[in-house]
**Student:** 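Sharing a structure here in structure tokens format.
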Amino acid sequence: MSVTSPLISFEHVRKHFDGGRGAASVLAVNDVSLAIAPGEFLAIVGASGSGKTTLLRLANRLIAPDSGRIAIDGADIANVDLIALRRSIGTVFQSGGLFPHMSVADNIGITPKLLGWPAAQIAARVDELMTLMLLDPAIHRDRLPGQLSGGQRQRVSVARALAARPHIVLMDEPFGALDPLTRDALGEDYRDLHRELGLTTLMITHDMAEAMLLADRIAVMRDGRIIAQGTATELASVDDTDVDALLQTPRRQTERLRELLPRNVAS
Amino acid sequence: MNLWSDPRWGDALTHLPDYLGQHVHVSLAALALGLLVSLPLALAARRRPALRGALLGFASVVQTVPGLALLALFYPLLLALAALTARWLGFGFSAFGFLPAMLALALYSMLPVLRNTITGLQGIDPAILEAAQAVGMTPRQSLRMVELPLALPVIMAGIRTAAVWVIGTATLSTPIGQTSLGNYIFAGLQTQNWVFVLFGCAASAVLALIVDQILALIETGAQRRSRFRVVMGVIGVVLLIAAALMPSLSRARQSYVVGAKTFTEQYILAALLTQRLQAAGLPATTRGGLGSSVIFNALESGDIDAYVDYSGTLWANQMHRTDIKARDELLADLKAALGRQHITLLGKLGFENAYALVMPKARAEALGIHSIADLAAHAGKMSVAGDYEIFSRPEWASLRKAYSLTFRQQRQMQPDFMYAAVAAGEVDVIAGYTSDGLIAKYDLVVLGDPKHAIPPYDAMVLLAPKRENDSALRDALIPLLGKIDIATMREANLRASGSQSAADVAKWLWEKIGAKGPAH
């Protein structure tokens with residue numbers, strides 16, 4: 001990692017929000033520096049209010065930092081064409097963020113359409129992605145998001161993020177609202193895609209187990225700061241009670257499950 | 001008589017294409033203009049709270065102005081504006097009818113459209129807006145592809161409300177010269193033709209419902225992505241526009257327009273003039289229910305070609321004279337003054353419709369009241385009723401001054417109701433009209449005016465400046481001059497306040513005066 005230059009880098013980034021009506025202002029991101037290498041899958045883990053979602057929104061400049069520098073491929077995103085930047089990055093939202101009045105196909109094809117792809121090429125890409133995300137185009141193409149299950153909606157959301165062949169995908173708790181089975185399957189499917197397509201993924205989650213199963217590297221956030229980062233193994237050696245507590249949960253669950261399900265573990 | 005076999009239904013039906021067409025015409029134009037102004041304003045205001053507050057405040061204030069007053073206000077406003085453009089830019093425009101009605105109605109349509117558009121756009125889930133940004137939409141693309149489609153149901157609801165309001169309020173545009181379904185209502189109220197009133201109300205209600213349903217069809221079509229519904233709705237709108245243009249197409253040939261003010265006698269005389277023109281082979285139509293000051297300006301600017309006015313009214317209202325002159329002198333002055341505006345005073349019809357103080361004959365005799373001079377001693381204990389304008393007219397001031405009249409109470413009433421009111425003792429005296437047939441019917445007496453405080457009100461035919469040298473028009477109307485005496489006019493008015501239509505009474509009137517032989 002030290003050899004290749006990072007694809008996404010945060011350097012001493014700060015962002016505060018006004019409290020409004022006399023309330024104190026909140027420093028959501030406090031002097032964060034972070035580098036994500038090409039092809040890396042980085043998960044940012046933290047409790048709600050730790051500033052992780054703000055960090056993600058800074059990455060495609062949905063919000064601008066107060067100070068510090070955010071660069072993609074070495075270029076400060078404060079100086080690039082914002083619209084082009086966002087079209088080159090895939091984004092998956094917590095609740096899907098699908099446009100409720102557009103069909104599944106129109107949702108998936110939106111960024112290619114904005115980029116001016118020919119209609120036939122968009123249609124082919126939509127079918128390709130739906131198949132990839134295990135959605136039957138013949139059945140789901142013309143449905144509205146409201147007619148889909150939660151898992152299907154999130155598959156559409158991932159397909160939409162990938163439609164314009166981005167190199168970078170930002171995901172904000174993409175699988176958080178799904179039932180465990182769907183969540184596991186979709187996470188695995190995405191992990192494969194990430195590898196096959198050579199994506200660089202920045203994923204927000206509050207679930208350490210999910211982060212450890214999917215990501216190459218994990219950054220832990222608390223009160224706007226990154227308090228630790230590294231692989232699961234590296235994190236285990238960090239001397240911090242919060243990091244410890246975050247790791248404790250999956251560890252305890254694993255042991256408990258091992259006791260409850262001896263046969264499965266044995267096989 | 002069976003309500004449905006009333007011949008006035010048939011009469012009402014013959015006016016329907018014209019009234020309905022013009023009603024749709026002015027309503028749709030107003031709605032289109034209102035949308036054209038409101039929608040961009042709402043879009044501009046959605047991210048500017050100060051502008052938003054100002055706009056909604058302004059639109060709410062407009063809404064509190066009664067529809068009739070708003071329409072009435074636009075007339076003098078445009079008149080002044082037309083005078084300005086004529087002076088500075090070299091062209092004027094008609095401040096009569098369509099333009100003021102459309103502008104006032106457009107203003108009236110703004111509140112629901114503004115409010116619903118702003119509310120609709122504000123109600124969109126912020127997560128969706130953020131997603132629109134994140135997939136790479138420009139603000140304009142986000143508005144067009146996401147925000148407007150999502151706010152559409154709320155915006156359409158506002159448009160539908162506006163449409164229903166405009167169609168309902170358009171019935172009030174009759175007094176400023178815009179033909180509408182309100183012509184039924186105003187004419188019906190004046191001549192106590194309840195069939196007309198009912199017909200006008202029902203027609204505008206049905207029209208409002210139809211337009212509402214057509215818009216609903218487009219709305220649900222857009223929502224459910226049903227091309228069929230949208231196409232049906234658009235076809236409905238196109239049909240409406242076609243219906244609105246039909247009468248103006250058929251009226252393309254030059255036609256004489258005879259104006260009528262808002263009371264029975266005027267409707268009869270306008271019908272009479274129109275019938276005479278038609279009998280002479282001249283195409284002619286009637287524009288009824290015009291306000292007393294609107295009608296003179298309409299003649300002056302050529303929006304109507306002829307109407308009947310009264311010498312005293314013109315003397316006081318148009319010439320702004322408060323002095324009282326002898327009849328012939330006043331008429332000569334008037335003719336000269338009108339001549340300077342190129343308005344032709346064709347001549348007197350023969351009767352006078354003066355304002356007069358009227359009270360029950362029996363009561364007057366019991367109190368020994370023969371003239372207004374006798375009344376003055378009793379007036380302090382009496383109430384007086386008059387039409388909507390008499391108490392603010394200069395004649396009333398001069399009457400009070402001449403006789404030192406002070407009444408205990410003044411009330412305004414619908415003219416046709418005040419005779420019954422004074423006969424029943426609800427009021428003591430009324431400011432009635434000398435030509436009204438109800439004076440004889442209710443056994444009332446007209447009090448004398450020994451000091452000549454009230455000017456003469458000879459009914460006379462006026463022609464528009466553009467018809468100054470129109471001999472065909474003159475020849476068609478001259479046979480009426482000097483032919484209608486007060487008794488005949490009273491009887492005609494009495495007939496029209498019964499179940500006869502103004503047109504029928506006009507025919508009766510012509511037979512009666514035509515029997516005396518032509519004037520020349």
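Every chain is numbered from 1, with letters handed out A, B, ... down the list of sequences.
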**Student:** So A:L199 and A:L162, side-chain contact (heavy atoms from CB on, under 4.5 Å) or not? Walk me through it.
**Tutor:** CA-CA 10 Å; A:L199 300 172; A:L162 298 178; 3.7 Å; yes
**Student:** Please enumerate all residues that pass side chain to side chain contact (heavy atoms under 4.5 Å, CB included) together with B:L55, with sequence neighbours excluded.
**Tutor:** B:L41, B:A45, B:L51, B:L114
**Student:** Under 3.5 Å, side chain of A:D66 to main-chain N/O of A:H16, donor-acceptor pair present?
**Tutor:** yes
**Student:** Run the side chain to side chain contact (heavy atoms under 4.5 Å, CB included) test against B:L152 and tell me which residues pass, sequence neighbours left out.
**Tutor:** B:M156, B:A222
**Student:** Just checking, any donor-acceptor pair under 3.5 angstrom between side chains of A:T200 and A:E40?
**Tutor:** no
**Student:** Scan the chain A/chain B interface and emit each donor-acceptor pair under 3.5 angstrom with its distance.
**Tutor:**
| from | atom 1 | to | atom 2 | distance (Å) |
| --- | --- | --- | --- | --- |
| A:R57 | NE | B:E130 | OE1 | 2.9 |
| A:R57 | NE | B:E130 | OE2 | 3.3 |
| A:R57 | NH2 | B:E130 | OE1 | 2.8 |
| A:R87 | NE | B:G136 | O | 2.7 |
| A:R87 | NH2 | B:G136 | O | 3.0 |
| A:R87 | NH2 | B:Q141 | OE1 | 3.1 |
| A:H101 | O | B:R225 | NH2 | 3.2 |
| A:H101 | NE2 | B:M145 | O | 2.7 |
| A:T111 | OG1 | B:V135 | O | 3.2 |

**Student:** Answer with side chain, backbone, both or neither: which region of A:L82 has an atom nearer than 4.5 Å to a non-hydrogen atom of chain B?
**Tutor:** neither
**Student:** Need one label for A:I110: side chain, backbone, both or neither, based on atoms under 4.5 Å from any heavy atom in chain B.
**Tutor:** side chain
**Student:** Evaluate the ring planes of A:Y190 and A:F41, with Trp represented by its six-membered ring, and classify them as parallel (under 30°), tilted (30 to 60°) or perpendicular (over 60°).
**Tutor:** perpendicular
**Student:** Checking A:P100 now: which residues fulfil side chain to side chain contact (heavy atoms under 4.5 Å, CB included) with it, not counting sequence neighbours?
**Tutor:** B:I128, B:L150
